[in-house]
Amino acid sequence: MNSPFDKTPGWLDWCAEPSKPRFQAPPGSVDAHCHVFGPGREFPFAPGRKYTPCDASKTQLFALRDRLGFTRNVVVQATCHGADNSAMLDCLRPSGGRARGIATIERGITDADLQAMHTAGVRGVRFNFVRRLVDFTPKDDLMAIAARIAKLGWHVVIYFEAVDLPELWDFFTTLPTIVVVDHMGRPDVTKPLDGHEFKLFEAFMRQHPNVWSKVSCPERLSVAGPPALHGEGNAYRDVVPFARRIVETFPDRVLWGTDWPHPNLKNHMPDDGLLVDFIPHIAPTAELQRKLLVDNPIRLYWAELVSAVA
Ligand code: 0GY
């Protein structure tokens with residue numbers, strides 16, 4: 001069915017026929033960062049959005065999950081839906097407990113609405129500091145939200161650019177919950193791995209044991225690009241040292257996700273199968289892979305499964 005919305009000019013649609021990955025994800029693996037868009041006819045995009053995407057439905061997301069050999073999803077509210085979480089919540093209920101959600105909420109949300117989201121499977125909120133995606137919410141509002149969701153055992157997901165970490169550091173380090181950083185804080189991978197900027201991110205994680213990182217989005221961070229440009233095995237090779245450093249240094253606080261359907265990419269749309277084949281380059285042992293894809297996300301999002309086994 002056609003969307004009633006016109007996509008942002010130059011919009012790249014998600015890859016309809018991703019390759020079957022060669023890397024076999026361990027049983028129970030979680031895609032801990034993905035989104036749904038609409039479908040616009042059913043779940044209209046927000047009037048204040050900064051981009052208008054193609055449709056990307058829950059059925060298509062679940063088909064991708066199965067094709068890639070994954071078991072579970074964490075669906076992150078996309079900014080094009082603002083604080084209307086209906087499309088994200090609509091994924092959780094029919095997933096049979098195999099999807100959790102990260103919401104965008106406003107300060108005035110009622111306790112009853114928060115509780116209903118918890119029952120549906122929401123386990124966190126996202127605070128976004130990327131200017132091209134959102135108008136900033138005042139920090140007082142964010143702190144009030146964080147205090148309320150802490151009581152539910154939820155965590156805060158933060159999205160920011162590496163250059164903004166120094167300014168945001170004090171706010172981030174006073175958050176009262178686990179704090180999950182999207183895409184390693186978006187390092188500039190043309191800068192040295194041991195340079196000031198990435199060292200600061202490592203210090204952020206080292207000094208604050210409540211900080212976790214998603215080692216996701218090589219396709220967004222890479223300057224080297226996908227393998228079509230450089231031959232097989234070299235996909236996003238410039239991102240590998242950064243992600244691998246974080247996985248090896250903080251193996252119990254890392255998550256991985258596809259970022260499907262990959263909003264706002266300008267140069268190419270990744271083959272999600274090849275993104276999965278990126279994993280053994282950044283998590284080279286079976287133990288690191290199991291922590292990254294199973295143990296860590298299960299502990300954070302499906303805690304009841306851990307206590308059931310314990
Ligand atoms: C991502 C990255 C982006 C967009 C969003 O919610 C969103 O709109 O997260 C981006 O454009 O960098 O994590 O999906």
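Being a predicted model, the structure only gives us computed values, none of them experimental. What you see below is based on every heavy atom in this structure, not just the backbone, and it leaves out hydrogens, waters and symmetry mates. Order of appearance sets the numbers: ligands from 1, and atoms from 1 within every ligand.
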Worksheet entry | Numbered atoms and elements of ligand 1 in range of Arg132, under 4.0 angstrom, heavy atoms | 10 (C), 11 (O), 12 (O)
Worksheet item: What protein heavy atom sits nearest atom 13 (O) of ligand 1, and how far away is it?
Response: His183 NE2, 2.7 Å
Practice prompt. For ligand 1, note which part of Arg186 has a heavy atom under 4.0 Å away: side chain, backbone, both or neither.
Written response: side chain
Discussion item. With a 4.0 Å cut-off on N to O distance, would you call Asp90 and Lys58 a salt bridge?
Written reply: yes
Worksheet item: Can Asp194 and Arg245 be counted as an ion pair, charged N to O under 4.0 angstrom?
Response: yes
Discussion item. Give the atom numbers and elements of ligand 1 that come within less than 4.0 Å of a heavy atom of Tyr51.
Written reply: 7 (C), 8 (O)
Item to complete: Answer yes or no: does atom CD of Gln207 have more than 12 heavy-atom neighbours from other residues, nucleotides or ligands under 6.0 Å?
Response: yes
Worksheet entry | Any donor-acceptor N/O pair, Thr174 side chain to Phe171 backbone, under 3.5 Å | yes
Worksheet item: What part of Asn264 sits under 4.0 Å from ligand 1 if we count only heavy atoms: the side chain, the backbone, both or neither?
Response: side chain
Item to complete: To the nearest 0.5 Å, tell me how far Phe45 CZ sits from Thr52 OG1.
Response: 7.5 Å
Item to complete: For the pair Asp272 and Arg67, find out whether any cationic side-chain nitrogen is under 4.0 Å from an anionic carboxylate oxygen.
Response: no
Discussion item. Keeping Asp55 on the side-chain end and Gly40 on the backbone end, is there a donor-acceptor pair under 3.5 Å?
Written reply: yes
Worksheet item: Taking both backbone and side-chain atoms of His35, is any N or O found less than 3.5 Å from an N or O belonging to ligand 1?
Response: yes
Worksheet item: At a 4.0 Å threshold, what atoms of ligand 1 neighbour a non-hydrogen atom of Arg126?
Response: 1 (C), 5 (C), 6 (O), 7 (C), 9 (O), 13 (O)
Worksheet item: Is His81 touching ligand 1 with its side chain, its backbone, both, or neither, if touching means heavy atoms under 4.0 Å apart?
Response: neither
Worksheet item: Quick one: which ligand 1 atoms are inside 4.0 Å of a heavy atom on Ala78?
Response: 6 (O)
Worksheet item: What residue and heavy atom of the protein are closest to atom 2 (C) of ligand 1, and at what distance?
Response: Tyr159 OH, 3.5 Å
Practice prompt. Starting from atom 1 (C) of ligand 1, locate the nearest protein heavy atom and write down its residue, its atom name and how far away it is, to 0.1 Å.
Written response: Asp259 OD1, 3.2 Å
